[in-house]
Amino acid sequence: MSSSRFSPALQASDLNDFIAPSQDCIISLNKNTASSRRLQFKPKENAVSTKPQEEAVKISLKDCLACSGCITSAETVMLEKQSLGDFINRINSDKTVIVSVSPQSRASLAAFFGLSQSQVLRKLTALFKSMGVKAVYDTSSSRDLSLIEACNEFVSRYNKNQSSAGKEAGAHLPMLSSACPGWVCYAEKTLGSYILPYISSVKSPQQAIGAAIKHHVVQKLGIKPYNVYHVTVMPCYDKKLEAVRDDFIFSVDDKEVTEVDSVLTTGEVLDLIQSKSIDFKTLEESSLDRLLTNVDEEGHLYGVSGGSGGYAETVFRHAARALYNREIEGPLEFKTLRNSDFREITLEEEGKPVLKFALCYGFRNLQNIVRKIKMGKCEYHFIEVMACPSGCLNGGGQIKPVQGQSAKELIQLLESVYTKDVLISDPFDNPITKRLYDEWLGQPGSESAKRYLHTDYHPVVKSVTSQLQNW
Ligand code: SF4
């Protein structure tokens with residue numbers, strides 16, 4: 001997949017974001033590749049080079065480490081500018097536009113406007129539909145699909161691990177969650193092939209709803225998948241990088257189809273609301289599209305208690321039940337270790353730990369855990385890994401603290417809003433996921449589930465770095 005889907009072309013003024021005076025290179029825009037947003041690094045004219053014929057180094061989105069460093073920042077500025085405009089253009093095209101909203105984005109807007117999450121989704125539905133969007137879904141059901149597949153994968157790995165040395169295919173423990181593209185991108189680009197087999201093969205909720213819409217819902221509706229423009233509303237910019245992965249693009253009638261065509265951050269949706277001078281608080285509410293949104297008769301939405309998707313909690317409960325016949329009632333008590341972003345929980349049988357799970361958020365904690373895995377000293381069976389400190393509620397695309405509000409106060413508010421007005425439920429009880437398995441996927445872990453809801457990871461050669469070293 002090329003990056004040509006990003007348009008419009010990069011403007012010369014955008015290059016200012018990339019050029020730092022201290023850099024040993026300048027960056028130029030190749031006119032022939034401007035539309036594909038490819039940049040080229042070229043040595044400065046006065047730079048000493050022993051290889052004058054060396055080809056210019058190309059940098060694209062694929063080189064982004066999602067590290068919040070220079071390339072990400074610059075790409076972020078561009079993507080931020082383009083996504084909203086592109087979204088509005090697509091609404092005015094002949095495509096069927098569908099929007100899927102993450103629960104973290106819902107919570108961020110609910111906290112900002114002082115509304116319930118259900119009200120936010122109803123008002124967003126009204127807003128988007130007034131602009132021409134055909135359907136607005138909540139991604140909680142696709143998150144439940146991802147959670148069910150993760151539960152199934154974990155039990156399979158655990159059983160294989162118990163009966164092998166742990167290094168055969170599909171037996172690697174700890175299983176590392178895969179819903180955070182910042183973490184996956186970092187692992188592929190900096191940790192190499194050693195760590196990748198530990199990462200769960202399950203797609204994130206964003207890509208799971210993309211697969212459900214482009215592979216299944218379109219068939220029910222009698223639409224060609226390439227005639228649907230699917231937009232997600234997410235808490236971070238890294239979701240934009242995730243959406244353009246080659247693994248999430250397929251072909252129908254010789255046409256390229258992308259599971260998720262565009263990603264808007266929560267902040268961009270707020271920009272949209274404010275740019276239209278809409279009084280969101282008093283905006284009329286619309287009924288919800290129930291095809292993929294799980295809502296009860298009274299209109300309550302369903303959720304899980306973990307602000308980053310509830311992976312550790314859901315898999316822990318399921319594994320205790322499936323492997324040790326233990327039903328765990330009530331909230332799980334995670335023990336805080338060196339900081340609140342590193343917590344663990346253990347299930348014991350006859351005084352011996354049989355399940356040891358951890359939440360590991362932020363790159364500092366993440367690097368420590370990776371070091372332990374590499375040294376063979378990691379005692380966990382499952383780790384919910386998230387790149388952002390405090391997890392997805394604190395994603396870089398969420399609405400920023402208001403004046404007088406600290407970042408910590410905002411996170412506390414979001415954590416309470418996230419579970420306040422939703423019905424906490426077991427993903428296995430979700431009638432929408434049950435229907436999707438019945439109609440489309442078969443069983444958890446089936447060949448169809450693997451085909452549509454699982455993915456691969458690829459160690460990436462550090463092309464830029466290695467080529468720069470050869471100068
Ligand atoms: S942890 Fe941060 S980077 Fe990762 S998916 Fe969540 S919001 Fe995005």
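Remember, it's 1-based here, ligands and their atoms both numbered in the order they're listed.
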Trainee: Around atom 8 (Fe) of ligand 1, what protein N, O or S atoms are found below 2.8 Å?
Mentor: Cys236 SG
Trainee: Distance only, no hydrogens: is a donor on one side chain within 3.5 Å (strictly under) of an acceptor on the other, for Tyr229 and Asp86?
Mentor: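 Yes, because at least one side-chain N or O of Tyr229 sits under 3.5 Å from a partner of the opposite role on Asp86.
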Trainee: How about Arg290: does its CZ atom have over 12 heavy atoms from other parts shown lying under 6.0 Å from it?
Mentor: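 For Arg290, atom CZ is crowded (more than 12 foreign heavy atoms under 6.0 Å).
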Trainee: Does the side chain of Ser204 pick up a donor-acceptor pair with the side chain of Gln207 at under 3.5 Å?
Mentor: no
Trainee: Quick check on Lys400: does its NZ atom have over 12 non-hydrogen neighbours (other residues, nucleotides or ligands) under 6.0 Å away?
Mentor: yes
Trainee: Would you mind checking if Glu447 and Arg451 are paired as a salt bridge, meaning a charged N to carboxylate O distance below 4.0 Å?
Mentor: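 Here Arg451 does not pair with Glu447 in a salt bridge, since their nearest N and O are not under 4.0 Å apart.
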Trainee: Considering non-hydrogen atoms only, spot the tightest contact between Ala243 and Val260 and give its length.
Mentor: CB-O, 3.7 Å
